[in-house]
Structure formats: C-alpha cells, structure tokens
Amino acid sequence: MENINNFSENGYLLLKNALSKKLLKEIQSQIYKTILKNKTKNNYNSFIHATKNLKTSEFNFTKPIFDRLFYKGLIEKILIEKKIYNTISNILGKDLSFAIDPAITLNLPHKDNPKKNYLFKEWHQEIWSGASTSSIQLWTPILQKQNDFAKLEIMINSHKWGHIPHRDRVPQELPKKYSTKIVKLNYSDVIIFSTLLLHRSVKTNNPRMSLPLIIKNFKITDNSYMQNRSWKIFSYSEITKIERFLGNHYLSPFRVSNFKTDLLSGTLK
C-alpha cells in the first residue's frame, strides 16, 4: 500500500487490487439484475446493449443500481475492505460515514459531443458541489470492458491551490503553467483523493460504470453544505463506541449494567 503521507503531498492515493474478486462479482451481479431484469444473458455485451439509445437520463438509469447496491449492503462492504478501510481511517479517523445520494456514473462513448453525457465532466473540484475540505472522495470502476482501464486525469498539486474560481462548473482561473497526469484503474483498483484536487473524466471508447463516494468523519464539523446530504455511518472509533454504550451525555450511573445489547454488532468496527 502507498505511504499514507503521500495523500497530503500528492492529493490522492491509488490502491491497487483493493476490492476482492468475489465482492466485485457480487456487485456486477446486482447491476445486471437491476438493468437487465434477468431477461437476457448477464454479461458486458448485454450491458452495452442496455446503454444504447437510452430512453431515460443517465441519472435515472443509474439511480436504481445505487439504491440496490446500498440496500444489499454492498457499498459498506466496499468501504470495509481491508486496504480501503485502513487507508480511509488513517486519513480521517474511525468515525466514518458516506453520502448516500445516488452516486454511480455512467460514461459512454461520445464521438459526437461529450456535452451530451452529463456524467462526463471537465476539470472540477468536489468542493464545487458542496463537499467539505475535511471529506475525501473515493472512485472505482465497477463495470467496464475486460482488460480495459478506467482513466481519471488529475491536475498535479492542485489540492494545494485552494478554491479555484469557476462559473457553471468551468474553471475561470488556472495557473499559467501546470502539469497533469492520467491515472489508470483496472478492476478492483480504487483511487482516494482530496475534494480540492482538480480532476476530470477521460474519453472512453467503451461504456463504463464507476462508483464515486464522498466519505467524512461525522465528528468533524463540516465547512460546507454537507449537512444537506444524507449519510450512512459505517465505522465507529473506540471512544464513540463507549459513548454509544452510555447512551447520553448525562452519564447516568449504571445505566446499562443490567441491559444486554448488541447495538455495536454487525459490520461496524
């Protein structure tokens, strides 16, 4: 795993082989069940067929998929994968939650006009959409052509520049000189980056579905409109676990001495 200190220096960490093949297969199975409804063979070619000549928006196409993955607990399973969880908790601590707004992107080949695809985005910072500087972004491909790469282009060191002036999600001011880098992700790879890092989609020749997630420490006060989103807690620190046992800040004596509870069971750490 990359040195955790590289996150502050580079603004991102690339985690190779962070998702197990078993989990990825389970995720893809649920995607096929949602969009194909078992009417055809579940494979990538069927996915291509389903994305051709969409009769609905990309958002409406992907929303039921996210809802299903969330309902099945697969989003949490991604976040508690050992390499991913260790990286996130080293950056943010263990009081963790993720935004449960529908968050799956469908990138389609756009030979005619990239602007037709709403989910194909030019240079942007996540803070433009209301993310806090104290949160982080996770991005990983969940359905793409075998042996293909998902590509995300980043502007090197842009996380150290602060808020970039913009209008209608288009940068209005950039340094005269800057360098960029294309990060390639195969199946099971995950990139975690600062919400200040300028990044953009890279043209794809084949349909791809990816999962972006905003993650925060729910004990840290947001410096943005993060409270306007819905959140799901998936990890508690040891101190927070004690607070949950106590149940209230009045610290009533022997409050739970004779009360058996398994509130901290399940996938919560």
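We're numbering straight along the sequence, starting at 1.
- Within 6.0 Å of NZ in K219 there are more than 12 heavy atoms belonging to other residues, nucleotides or ligands.
- The closest side-chain heavy-atom distance from S134 to K216 is not below 4.5 Å.
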Step-by-step side-chain contact (heavy atoms from CB on, under 4.5 Å) determination, L185 to I191: CA-CA 8 Å; L185 289 83; I191 185 172; 4.0 Å; yes
Salt bridge (charged side-chain N to carboxylate O under 4.0 Å, His left out) between E153 and K203, worked out: CA-CA 10 Å; E153 188 172 13; K203 182 179 178 180; over 6 Å; no
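- Residues Q172 and R167 have side chains that never bring a donor and an acceptor to within less than 3.5 angstrom of each other.
- With contacts defined as side-chain heavy-atom distances shorter than 4.5 Å, the pair F7/I136 qualifies.
- Among I214, V190, T87, the one residue that satisfies the side-chain contact (heavy atoms from CB on, under 4.5 Å) test with L138 is V190.
- Within 6.0 Å of the CD atom in E173, the count of heavy atoms belonging to other residues, nucleotides or ligands does not exceed 12.
- Residues satisfying the side-chain hydrogen bond (donor to acceptor under 3.5 Å, both in side chains) test with H166, not counting sequence neighbours, are W128.
- Within 6.0 Å of the NZ atom in K184, the count of heavy atoms belonging to other residues, nucleotides or ligands does not exceed 12.
- Atom CG of L23 sits in a crowded spot, with more than 12 heavy atoms from other residues, nucleotides or ligands closer than 6.0 Å.
- In this model, no donor atom of one side chain and acceptor atom of the other lie less than 3.5 Å apart for Q125 and H159.
- Donor-acceptor pairing under 3.5 Å is recorded for the side chains of S57 and N60.
- The pair K160-E9 meets the salt-bridge criterion, since a charged nitrogen lies less than 4.0 angstrom from a carboxylate oxygen.
- Between the side chain of Q137 and the backbone N or O of I192, no donor-acceptor pair lies under 3.5 Å.
- In terms of the side-chain hydrogen bond (donor to acceptor under 3.5 Å, both in side chains) criterion, residue partners of N223 (sequence neighbours excluded) are, by chain and number, S132, T133.
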